[in-house]
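Below: one structure, written as structure tokens.
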Amino acid sequence: MQPRAERLVDEATALALLADGMTIALGEPAPMALVRHIVRRGLRDLTVIASGLHLDLLIAAGCVRKTITYYAGGGFGVPVAPSFRRAAERGEIEVWECEEGILTSGLEAAGKGLPFLPWRGGVGTSLPDLNPDLKPIVDPLRGEQLLAVPAIHPDVALLHAHAADVYGNVQHLGGPGWLDLFLARAATRVVVQVERIVPNEEVRADAWATTIGRADHVLRMPWGAHPYYSRGHYVQDSAFWRDYLAVANAAAESGERAALDAWLDNWCRGPVSHGDYLERVGIKRLLTLHEY
Amino acid sequence: MNTDSKTMPCSVSELLACFLARDLADGEELQVGVALPIPEAAVRLAHLMHGPNMELIFLGARMNVHHLERVPLPAFGWDRRVVRWAESYSDRGHRFEQVKDWHRRVFFVGGIQVDMYGNINLIGVGEDPRRLRFRGPGSVGTPTLTTHVGRYYIVLNSHTPRVLVPKCDYVSAVGWGAGGADARVKLGLPGGGPKYCVTPLCVMDFHEDEKRMRLRSVHPGVSVEQVVQATGFPLLVPDEVPVTMAPSAEELRVLRERVDWVGALR
């Protein structure tokens with residue numbers, strides 16, 4: 001008899017799933033260790049389902065051809081994420097215009113095996129003009145105006161969570177956030193990086209807490225969401241994101257990329273593993289990111 | 001925004017926070033999105049001044065913090081320093097599962113363009129959508145929220161003809177569409193639509209029948225002519241335009257000591 005197959009993999013194995021041109025969905029908080037791997041490998045022509053500065057970072061690194069995003073604000077007083085803004089204005093990336101309810105409707109349709117789901121938010125707006133995949137329809141029962149949102153099928157969902165056992169049972173701490181489970185249900189493959197690998201007994205002790213039952217791969221990536229937060233573990237490293245925004249903003253304004261590329265080299269391309277990255281960030285800095 | 005001590009005992013942002021706070025009723029659900037410091041302060045001020053049963057929703061975290069001497073700042077929606085006060089996550093796995101009940105909810109929204117019917121553009125500016133002159137941040141959840149919430153407020157950081165335009169290049173949230181009191185009914189949008197549009201110069205509401213933007217009050221030291229000049233569409237101006245009511249000493253004290261003690265609005 002073969003033993004039950006383990007789904008715990010190392011970074012190289014997980015990343016072998018990814019290829020140029022794929023549709024890759026990123027959870028919230030983003031699995032930054034895997035995002036850095038994508039940059040290091042130099043994947044190209046990706047369709048990225050993401051909203052936030054990690055999307056901007058992937059655009060800055062030249063990995064993105066198209067994005068399905070509901071929000072590309074910069075935060076920290078920057079109204080629009082700079083690399084996103086520059087690339088969109090120059091036509092270097094395609095934006096599949098949507099919003100939160102439209103995105104979740106499309107993901108839900110994929111999970112449910114439906115061609116589309118109807119949604120009301122966006123009726124009367126420019127969204128169906130800008131995104132012809134969104135079709136204005138008339139409800140066959142009551143004649144109401146709605147939008148048909150086509151199923152959105154990510155090839156891979158990359159997520160960050162609290163813990164998993166080696167068999168791909170994932171448990172979020174403090175809830176799964178708002179988007180991760182939509183992505184997990186819609187995607188063909190699910191890869192989850194976690195803060196801790198726990199014994200199967202620990203999962204079975206509270207099976208209700210399992211949020212994703214059969215992830216294809218799990219990876220152990222403590223501090224793996226840095227510079228984002230990880231519920232129950234650490235808070236966002238806002239100063240780190242401000243540093244990124246400073247160099248990304250300068251590059252977007254001037255077209256001069258040297259500082260931005262140096263930043264990407266230092267934090268994404270340079271460290272050959274997650275451990276190397278954490279060493280570069282430094283234990284003192286990480287320890288300042290405690291919960292309160 | 002500047003403090004003009006000659007005409008007002010506070011900054012324009014503080015004035016607007018107090019104005020909005022007074023318009024919020026106890027028991028309401030107040031949802032504030034990202035990057036809107038004036039509404040953030042307004043809902044917290046209202047909560048402390050007269051809203052012990054208000055529910056504050058910062059991104060997904062729903063909280064009642066009326067008992068606190070100082071109300072936490074939503075510096076970052078999922079930060080434990082804020083969400084430790086949450087009693088539930090309104091979006092526990094699904095942000096839009098219960099939009100049918102959003103008539104109880106009040107929302108605040110900004111825009112890079114707003115037209116005379118309160119339609120909003122967060123998408124971008126420019127004729128060619130593939131080569132926008134200015135690419136905006138995107139719609140976030142505002143199309144769904146503005147479709148369903150009981151009422152919302154448009155909060156602008158600047159009042160110029162570039163922001164208040166005759167027609168938005170793109171519409172990400174429908175206010176009163178092409179105008180008329182039945183504009184939203186015709187589209188089947190169940191929510192109550194925008195109530196006020198507030199700017200650094202004035203407060204505007206919407207004419208009962210036409211649903212066109214109408215000057216409601218000017219801030220201390222601002223003239224009606226100044227507002228008209230700064231507005232890119234013909235604004236309805238009533239014969240009498242009052243001055244926006246200044247904050248009371250107590251409102252300002254609570255705002256500065258218990259809400260905005262870092263002085264973000266000063």
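Note that the structure is a prediction, hence the values are computed from the model and not measured. So that the names make sense, note that chain A is the first sequence line, chain B the second, and so on, each numbered from 1.
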With a 4.5 angstrom heavy-atom cut-off, could you sort out which part of [X] is near chain A: side chain, backbone, both or neither?
| X | result |
| --- | --- |
| B:T147 | side chain |
| B:R184 | neither |
| B:T142 | backbone |

My understanding is that only residues two or more places apart in sequence, or in another chain, count here; which of them pass ring-ring contact (aromatic ring centres under 6.0 Å, His included) with A:H162? A:H233
What pairs with B:H148 under ring-ring contact (aromatic ring centres under 6.0 Å, His included), at least two apart in sequence or on another chain? none
Those residues of residues 129-146 of chain A, ordered by number, that approach chain B below 4.5 Å (heavy atom to heavy atom): A:L130, A:Q145
For residues 65-87 of chain A against chain B, heavy atoms under 4.5 Å, the residues are A:Y70, A:Y71, A:A72, A:G73, A:P79, A:V80, A:F84, A:R85
Nearest 0.5 Å please: distance from the CD atom of A:E89 over to the CZ atom of B:R133. 10.0 Å
Out of curiosity, B:F96 CZ to A:E108 CD, how far, rounded to the nearest 0.5 Å? 12.0 Å
What is the minimum heavy-atom distance between A:L127 and B:P143, and which atoms define it? CD1-CG, 4.0 Å
Closer than 4.0 angstrom, basic N to acidic O: yes or no for B:R135 and A:E97? yes
Ranked by heavy-atom pairs below 4.5 Å to chain B, first place among A:H172, A:E100, A:R120 goes to A:E100
